[in-house]
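Have a look at the structure below, then the notes.
Along the sequence shown, residues carry numbers from 1.
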Amino acid sequence: TPALKIITVRKLSAKRGGSKVANPQSIQELLSVGSSLLGIHAIKVRRMNSEGEILDINTIQHNEVVYLTTEEDEKEF
């Protein structure tokens, strides 16, 4: 069995809080579940420190905090 991986998702504008997603199998699943939890339509996952886009779920560590961005957020990048 794979180890449990919990990822905290936040809206781009949020400095605190967020919601936890357990064991997402793909970026698409993280976007889908995270969107539902946060009440947004997320289209990309970005790193908290660099704001770089994350394309591979396996590069996200257990207990990492990531930002989910909407189409509106992406206009600023």
Side-chain (E51) to main-chain (N49) donor-acceptor, under 3.5 angstrom = no
Applying side chain to side chain donor-acceptor pair (under 3.5 Å) to S32 and not counting sequence neighbours gives none
Going by chain and number, the hydrophobic cluster around I60 (ILVMFWY, side chain to side chain under 4.5 Å) further includes I7, V9, V21, I27, L30, L31, V33, L37, L38, I40, V45, I54, I57, V66, L68
R46 meets the salt bridge (charged side-chain N to carboxylate O under 4.0 Å, His left out) criterion, sequence neighbours left out, with E74
inquiry  = Is it the case that atom CD in E29 sees more than 12 heavy atoms from other parts of the structure closer than 6.0 Å?
reply    = yes
Those residues at least two apart in sequence (or on a different chain) that pass side chain to side chain contact (heavy atoms under 4.5 Å, CB included) with T8 are K20, V65
Between D73 (side chain only) and L12 (backbone N and O only), is there a donor and an acceptor less than 3.5 Å apart?
no
- Between R10 and M48, is a side-chain contact (heavy atoms from CB on, under 4.5 Å) present by the stated rule, with each step listed? CA-CA 9 Å; R10 290 183 184 159; M48 228 178 108; 3.8 Å; yes
* **Within 6.0 angstrom of E53 CD, more than 12 heavy atoms from elsewhere** => yes
Residues passing the side chain to side chain donor-acceptor pair (under 3.5 Å) test with S50, sequence neighbours excluded, are none
Item to complete: Inspect the contact between E64 and K5 and indicate whether a charged nitrogen and a carboxylate oxygen are less than 4.0 angstrom apart.
Response: no
Heavy-atom nearest pair, S35 first then A42, reads OG-N, 2.9 Å
Side chain to side chain donor-acceptor pair (under 3.5 Å) filter on D56, not counting sequence neighbours, yields N58
